[in-house]
S.K.: 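What follows is a structure written as C-alpha cells; I'll ask about it next.
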Amino acid sequence: QVQLVESGGGLAQAGGSLRLSCAASGRTFSSDAMGWFRQAPGKERELVAAISWSNGVTYYAVSVKGRFTISRDNAKNTVSLQMNSLKPEDTAVYYCAAAPDALTITTMGARYWGQGTQVTVSS
C-alpha cells in the first residue's frame, strides 16, 4: 500500500549529471528505508543507493560511491538520487524502492517498487 513514482530519467553525456526523484505516498510509515535499484539488459538488478527515513544513514554500491548522492525530503515525502560523473555503464532502468529497514533493502530487496525510469549515458 505504498505508491512510488519516479521522474528525472533521460539521456546524458559521459561525465554529465542527472537527478532522479521519487515521490512516495500511501502507508509510508511501514517503510523506513528507501532506495534506488537499477537493471541493465542481461544483468541482474542491483541496489545503487539507499537511505533511512528515520536517521538519514546512507548506503552506496561500490560502483557509484563518490559519484552518486541519495537524499531525502521528509516534508515532501520524496527521495532523490543525484548522479554525477556519469559513465556509459550507468545506463539502465532505475527503480525507486521501499523496504521496512536498511538491512532488508541491502540484503533481501524491496517490498514496493516504482515503475522505473530509463537512464542512458552516451560516450
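All residue numbers in this chain count up from 1 along the given sequence. Nothing here was measured: the structure is a model prediction, and the numbers come from that model.
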S.K.: Is there side-chain contact between Ser71 and Gln82, with at least one heavy-atom pair below 4.5 Å?
M.R.: no

S.K.: What's the verdict on side-chain hydrogen bond (donor to acceptor under 3.5 Å, both in side chains) for Asp32 and Ser52, showing C-alpha distance, side-chain angles and the deciding distance?
M.R.: CA-CA 6 Å; Asp32 185 58; Ser52 170; 2.9 Å; yes

S.K.: Out of curiosity, Glu89 CD to Ser63 OG, how far, rounded to the nearest 0.5 Å?
M.R.: 9.0 Å

S.K.: Okay, side chain of Tyr60, backbone of Ile70: is any donor-acceptor separation there less than 3.5 Å?
M.R.: yes

S.K.: Backbone N or O of Gln1 within a donor-acceptor pair of the Arg27 side chain at under 3.5 Å?
M.R.: no

S.K.: If two hydrophobic side chains count as joined below 4.5 Å and joins carry through other members, does Val119 share a cluster with Val48?
M.R.: yes

S.K.: Passes side-chain contact (heavy atoms from CB on, under 4.5 Å), Cys96 versus Trp36? Steps please.
M.R.: CA-CA 5 Å; Cys96 181; Trp36 292 90; 4.0 Å; yes

S.K.: Calculate, to the nearest 0.5 Å, the distance between atoms CD and OG1 belonging to Gln118 and Thr91 respectively.
M.R.: 7.0 Å

S.K.: Say whether, by atom type as modelled, one donor and one acceptor occur between the side chain of Ser21 and the main chain of Ser80 under 3.5 angstrom.
M.R.: no

S.K.: Would you say Phe37 and Leu18 are hydrophobically clustered, going by side-chain heavy atoms of ILVMFWY under 4.5 Å?
M.R.: no

S.K.: Just one of Tyr95, Phe68, Tyr94 clears the side chain to side chain contact (heavy atoms under 4.5 Å, CB included) bar with Leu20, so which one?
M.R.: Tyr94

S.K.: Would you say Glu6's side chain and Gly116's backbone share a donor-acceptor pair under 3.5 angstrom?
M.R.: yes

S.K.: Taking all non-hydrogen atoms of both residues into account, name the closest pair between Ala92 and Ala40 and its distance.
M.R.: CB-N, 3.9 Å

S.K.: Between CZ of Arg67 and CE of Met83, what distance do you get to the nearest 0.5 Å?
M.R.: 9.5 Å

S.K.: Run the numbers on Arg38 and Val64 for side-chain contact (heavy atoms from CB on, under 4.5 Å), then give the verdict.
M.R.: CA-CA 12 Å; Arg38 68 184 181 187; Val64 307; 4.0 Å; yes

S.K.: Ignoring hydrogens and geometry, is there a side-chain-to-backbone donor-acceptor pair from Ser31 to Thr28 under 3.5 Å?
M.R.: no

S.K.: Hey, which of Leu81, Leu4, Thr117 is the one that makes side chain to side chain contact (heavy atoms under 4.5 Å, CB included) with Cys22?
M.R.: Leu4

S.K.: To the nearest 0.5 Å, what is the distance between CG (Asp101) and CE (Met108)?
M.R.: 11.0 Å

